[in-house]
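Take a look at the structure below.
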Amino acid sequence: MNRRRAGRRISSHSQRRGAPSGGQWRQTNKDQWQDEGTPQVREVVGEQQRPRQHGREAGPRGTCQTMCPARELRDREAQNRLHRFEMLPGTERDRRPRGDPLRAVKEYSRPAAGKDSTNPTELRPPAVLLKTVRYLIDEITAPSHQHPWTEVYSFVFDRLRSVKQDMIIQRVSGSDCVAILERTVRFLIYASYRLCGEPLRLYDPRINDTHLQEYLSWLLDCYATGSEAHPNQEEFQALALLYNLGSARATQHIMELPERLRSTPAITLALSINQAFLERNPVRLLRLARRLNFLQTCALHRHLAACRRDLLLVYSHGFSSRNCRFPLERLSQLLSLDTLLTAQLCQTYGVEVNQDNQVVFSKAAFSEPEQGKLHCNLYHSIVSEKQKDLTVQNIIHGCA
Amino acid sequence: MLRVQVRTCSINLHRLVLLLCFHRLVLLLCFHRLVLLCFHHLVLLLCFDRLVLLLCFDRLVLLLCFHRLVLLLLCFDRLVLLLCFDRLVLLLWFHRLVLLLWFHRLVLLLWSDRLVLLLWFHRLVVLLWFHRLVLLLWFHRLVLLLWFHRLVLLLWFHRLVLLLWFHHLVLLWFHRLVLQIYEAIDNHDGSFCAELLSFKHPHVANPRLQLASPEEKCQQVLEPPYDEMVAAHLRCTYAVANHDFVEAYKFQTLVVQSFLRAFQSHKEENWALPVMFSVTLDLRIFANNAEQQLQKKAKGQPGEMLEKAAEQLMSCFRVCASDNRAGIEDSKKWGMMFLSNQLFKIYFKINKLHLCKPLIRAIDSSNLKNDYSPAQKVTYKYYVGRKAMFDSDFKPAEEFLSFAFHHCHRSSQKNKRMILIYLLPVKMLLGHMPTHQLLRKYDLMQFADVTKAVSEGNLLLLNEALNKHETFFIRCGIFLILEKLKIITYRNLFKKVYLLLRTHQLPLDAFLVSLKMMQVEDVDIDEVQCILANLIYMGHIKGYISQQHQKLVVSKQNPFPPLSSVS
């Protein structure tokens, strides 16, 4: 009788915990659990898992009030792993340069098995993270250096990644998270335009794109699940759509936004540009693109090449006849380029331009350029003319 | 025993009677003494008679009580009876005393006025009656209380009996179910076993089966892993009865996992396929319900539970797909299409359509693909058609969705309507417009305006129609595809212009005017040229644009080929 009573006690206890009772059950459950928790899986999951907004307990609280934890600064100083921007001025040439605590920023380190990344003295609280991001933009990105911008980019990119990692570990959410993400997204979009055409070893557009998509989807999640109003939401929804022009998923997402948000001018314009892209109406697209501001055009610029190609392709078929004479100025107006560049573009696509600056369209003549022949950065005038007197700082902080 | 009681009662009664007689005697003696002393003979006689009457009356009362007592003896406890009786006796004594007192008073007053005497006498009578009433009431009360207590006792007793029966029945039901499952497994009766483990079967509503900890009893009858499966299933019914779908989902996962272990050990037999169908269906349904519950409480990521369910189903699918040894009749590959359909439903819900591709490839490469049941084939073609639609492969999409629509059973109107929602845009893009009757029959009048606009080339009406039913189209996910109809609308509009002008060299201005008539805003010649060039590129118009003459020159033969011939 005693045994039966004990058995009943175990089962009721485990029922409270929600796990099944009995030795066999526990065995099978443990096997299950062990299969899931392999170290590689956990590492990737740690990087990609995003904070849940509601209902979960808060993550560890960081206490480090400087941009770089003291221990890391000492370690990197000792191992001579400081970046140029973090050294004390005057000590750059030394054998062991000294780090400047006011300029050093915590760097990104990949999570690994056995490494404890939740030590509160190593984590920076959200206020410090925002301060770090402001510093990175105001002091590093904005001023003009003698160093090439690719170096600035790689430094800021890496440090922003560690900011993101701190945010994930502490499960930050709310207005702080949104402010940091907005600035990061603006920086990456600007960088995607500015560094377009740089050699692959200095700047990889694919990596930039992957990270930008991640940041964007996190930001849009924050907008969707947060309860407070976000003043910049329409700007970023429009940026997301322009960056992912023609993507069914992005369009569907915009379609599912509330009516009030969808009817704001920025999003309406982005939607019409998207519609023009889907309809394959490059003339309309390029005309509408003139109404975009600088940052939006940066987001759009990687689709401009495809747009121009479409125009040339469609016109090659539409105007294809022996007597076709299409004025080059007209074409350059449509493409928003000057005549010289237009002629160069036509040449790249195999479209013939005769001596009188008339384009002879022909179905058969159009051909895709070889890989690497098309240099996108030659045709950036549509974007660069909008930059005019905007400073980088204003662009990224969004005060333009 | 009853006779003894009667005897004692009678003894008591006789005693009382004797006593009464004695008292009467005493009274009489007193009275006679008084008579000797008094002078109002008549009055005294009256009093005396009355007294006698009273005594007789009391005796009568007593007899009546006694009879009642006798009657009640048949249904009452001896103690109660005695109590009553003793109380009665006491009361009677009391009354006697009272009577005596009064009588003495009366006697004393005999010396006074005769009226006063009478008054007192009447008062006495009244009091006696009153006391009698009181006695009766008390008596009845006692009776009632005793009955009440008896009833309570009976009820309690019955309740105990009921509880014992209940537990007995619980064990009976439980054993019955487990034994049935055991038999079904033994006889390899897949469909019956599936019923017993499915949530569509009425046994899940039986409160007697909703046990919180059935493992031990399951282990007694069934072998592993079936014991875990059935125990998890019963826990699941318990959770469902409490409307806790998150728990139910967890337990159903255990059911599926333990079933899969058993299924994998079945070499060259597939009788358990119906069981797999029913447990996986329940898993998906619970994952849906759990998601809804979590969403209401605003916990967890959307799609989390469904993704986990999809992983489980994928492992079942792998078990089925990798069964290469058995012959066709015993092969587990017959389960592949059902599982793919379930997986499609999940992937479409969480919007991860790219995961459908490996499933489609697997089914296409299997040699059983035309031999599955019509219901499964219809569902499969429906989802594959929808996927093709999203990938903009409209010709195969039309093929699949038409197959699904034609082979769908006539009675499933709702399914036919769902297929039609996706078939209509595809057909419209290929130039086939639906009739009004069809739209009315399936309650899809939202498409009526769109159809009219496209076939007339009326851009204005098309925009209005798309705006009006925007929410419906967005919810079904066909808004973007319907926007593609704009190109068809342009083509129809320009064809009208061609038909009106009856010439092969159409001025571009004419098209601009037609677009302006449709209230298309800020369109100019450049855009008209672009639209025309696009239509030429896509093959909807045969001809070319002459920039110098600002004209569209179309071919003399069939300048606007029919839509179905253009891909």
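To find a chain, count down the sequence lines: A is the first, B the second, and so on, and within it residues start at 1.
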Show the numbers, then the answer: is there a side chain to side chain contact (heavy atoms under 4.5 Å, CB included) between B:Tyr490 and B:Leu515?
CA-CA 9 Å; B:Tyr490 281 131; B:Leu515 284 176; 3.6 Å; yes

After noting the C-alpha distance and the side-chain angles of B:Ser392 and B:Lys484, does the key distance pass the side chain to side chain contact (heavy atoms under 4.5 Å, CB included) rule?
CA-CA 10 Å; B:Ser392 308; B:Lys484 287 198 215 265; 3.9 Å; yes

Heavy-atom pairs under 4.5 Å with chain A are the metric here; pick the option from [options] that has the most.
{"options": "B:Asp526, B:Ile536, B:Val553", "value": "B:Asp526"}
{"options": "B:Phe390, B:Tyr537, B:Phe479", "value": "B:Tyr537"}
{"options": "B:Thr471, B:Leu532, B:Asp522", "value": "B:Asp522"}

Report yes if the distance between the aromatic ring centroids of A:Phe319 and B:Tyr544 is under 6.0 Å, otherwise no.
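No: the rings miss the under 6.0 Å criterion.
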
Starting at CG of A:Asn281, measure out to SG of A:Cys307 and round the result to the nearest 0.5 Å.
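Nearest 0.5 Å value for the CG-SG distance: 9.0 Å.
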
Please determine whether a side-chain nitrogen of the Lys or Arg among B:Lys308 and B:Glu311 lies less than 4.0 Å from a carboxylate oxygen of the Asp or Glu.
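No, no charged N to carboxylate O under 4.0 Å.
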
Contact part of A:Gln275 toward chain B, heavy-atom cut-off under 4.5 Å: side chain, backbone, both or neither?
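Side chain only.
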
Which one wins on heavy-atom pair count under 4.5 Å against chain B: A:Gln252, A:Lys363, A:Glu256?
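The option with the most such pairs is A:Gln252.
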
For B:Ile487, is it the side chain, the backbone, both or neither that has a heavy atom under 4.5 Å from a heavy atom of chain A?
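Contact with chain A is through the side chain of B:Ile487 alone.
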
